[in-house]
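Below: the structure, in structure tokens.
The structure displayed is predicted, hence computed values, not measured ones. Here is the naming used below: chain letters follow the sequence lines, and residue numbers restart at 1 for every chain. Hydrogens, waters and symmetry mates play no part in the numbers below; they use all other heavy atoms, side chains included.
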Amino acid sequence: MEYLYDHYSAALLGVVARIIKKEELAEEILQDVFLKIWDRIDTYDASKGKLFTWMLNIARNQAIDKTRSKEFSKSKKTDDIENLVSKVDRQDYTELQVEGIGLQEVLKQLPEDQRFVIDHHYLKGYTQAEMSEEFNLPLGTVKTRMRLAMKELRNLLKIT
Amino acid sequence: MNVEAYISSGILEAYALGELTEQERAEVEKNLALYPALQKELALIEETQEKFLMKAGVQPRATVKARLFAAIDAQKSETKIVELHEPDSTLSFWRMAAAASIAVALITSYLAFNYWNKWKDTESNLTELIAQNQRIAQDYNTVNKRLDGIEKDLKITNNPAFNRVVMKGTPNSPASLASVYWNESTKEVYLSIQEMKQLSQENQYQLWAIIDGKPVDAGVFDGNLAGLLKMKEIPSGAKTFAVTIEPRGGKTSPTLETMQVVGNVVKG
């Protein structure tokens, strides 16, 4: 469990923080996420995917549940987009921004439309359906772009 | 199924992103099990996602870790009762409880059956042993009684106060042979049969002592006698002992024609 935490807490907090956008609350959720992981680790089935994907889904769901249950709402998310993106990826989060180095370099190498889906999904916490709705894009287009972006990322991250 | 088209649809990405409904997930998982190519593609997508998000990670403060492990330790000691507040956990708790109950019931049944079998075995073994024990006890009693008899007889036959009178077969029954042990001072008489033929139910042997030429009744006996038989007391003065065949119960005077064995007293 400690190994999992040391290895994945930053990546998971990255995901949670980009959805929640509040450091304190995000860290609280991160704790809940790890408690859930600890509680349900025996239900993880390796044949259905990587451990990280499984943990990622727990983290995303936990964070999204939070946004739905509390003061968060879609409109707020939309309104704050510009601020938050810049916040997370500029200076307000600097004390947390340790492993983010190189992220911007990777993103810059993606074509504009691919960077958009990756950015909105991974860094802004949108689901594909939400993107389609929010930006008037057909869902199929979002999916295709996401697929191409993932393929491109694969090359950029040198995964073979 | 066209694997290429399936991959191109981007459904694996959606799967990795956790954006599918339960039904869609189940569908994908079914296909994954069928097509190794899908597994390979999904693994690449997942790895890309993981590597990308690792880069996008945000290091939590050290206090988060300390709090988390304190919470885990607390949960460990509280067991899972805490989780009962969550509806889905409640379900899984009851499911676990039911599974545990069934497991316990199965194990208990098996043990009960096992123990019942062993108990039955033990019971039959015990019955057998008790019967065997009774048999041995009976044998022991029989042997013990015989030994007692032999010891008693031995005391008499070894006692010099007893005079042994050997009575040999008469022409009526040359093969017959019997002895009398007579203590002249105490008047005790014991009979020992070496060889006497079997008699019919109506008849019995009768022992006589001849004192001063007159027969004196010393008691009746059957032919199938083992060991020494105490007879009637005979006072001193007897010169001869003899056995006749008489009606059951004996007579007051002997039927001399039926005399079987006879022997004189030899003073030691």
CD1 (B:Ile72) and CG (A:Asp39) are apart, to the nearest 0.5 Å, by 9.5 Å
Are the charged groups of B:Glu47 and A:Lys50 less than 4.0 angstrom apart, N to O?
no
More than 12 heavy atoms from other groups under 6.0 Å of NZ on B:Lys230:
yes
Above 12 or not: heavy atoms from other molecules or residues under 6.0 Å from CZ of B:Arg146?
no
Does some side-chain heavy atom of B:Val64 sit less than 4.5 Å from a side-chain heavy atom of A:Glu28?
no
At what distance, to the nearest 0.5 angstrom, does CG of A:Leu30 lie from CG of B:Leu68?
7.5 Å
Gap between atom CG of A:Leu12 and atom CE of B:Met54 - 0.5 Å precision:
8.0 Å
With a 4.5 angstrom heavy-atom cut-off, could you sort out which part of B:Gln49 is near chain A: side chain, backbone, both or neither?
both
Does OH in B:Tyr115 sit with more than 12 non-hydrogen atoms of other residues, nucleotides or ligands closer than 6.0 Å?
no
Please indicate whether B:Glu128 has more than 12 foreign heavy atoms, meaning atoms of other residues, nucleotides or ligands, lying under 6.0 Å from its CD.
no
Out of A:Leu56, A:Val106, A:Val15, which one racks up the most heavy-atom pairs below 4.5 Å with chain B?
A:Leu56
Check A:Ser9 against B:Gln59 and note the closest heavy-atom contact, atom names and distance.
OG-NE2, 4.2 Å
Nearest-0.5 Å distance that lies between atom CG in A:Leu157 and atom CG in B:Leu44
12.0 Å
Best-contacting candidate, A:Ile118, A:Leu35, A:Asn61, against chain B by heavy atom pairs under 4.5 angstrom:
A:Leu35
Applying salt bridge (Lys or Arg N to Asp or Glu O under 4.0 Å) to A:Glu27 and B:Lys65, what does each step give before you reach the verdict?
CA-CA 10 Å; A:Glu27 284 180 343; B:Lys65 184 177 177 181; over 6 Å; no
Where along residues 6-25 of chain B does a heavy atom come under 4.5 Å of chain A, listed by residue number?
B:Ile7, B:Ser8, B:Ser9, B:Gly10, B:Glu13, B:Ala14, B:Tyr15, B:Ala16, B:Leu17, B:Gly18, B:Glu19, B:Arg25
For A:Tyr122 and B:Phe52, take the angle between the two ring planes, folded into 0 to 90°, and tell me which bin it lands in: parallel under 30, tilted 30 to 60, perpendicular over 60.
tilted
Distance (rounded to the nearest 0.5 Å) between B:Leu53 CG and A:Leu13 CG
12.0 Å
Are there residues of residues 139-151 of chain A that reach to under 4.5 Å of chain B by heavy atoms, and which ones?
A:Lys143, A:Met146, A:Arg147, A:Met150
The interface call for A:Tyr5 against chain B, heavy-atom contacts under 4.5 Å, is side chain
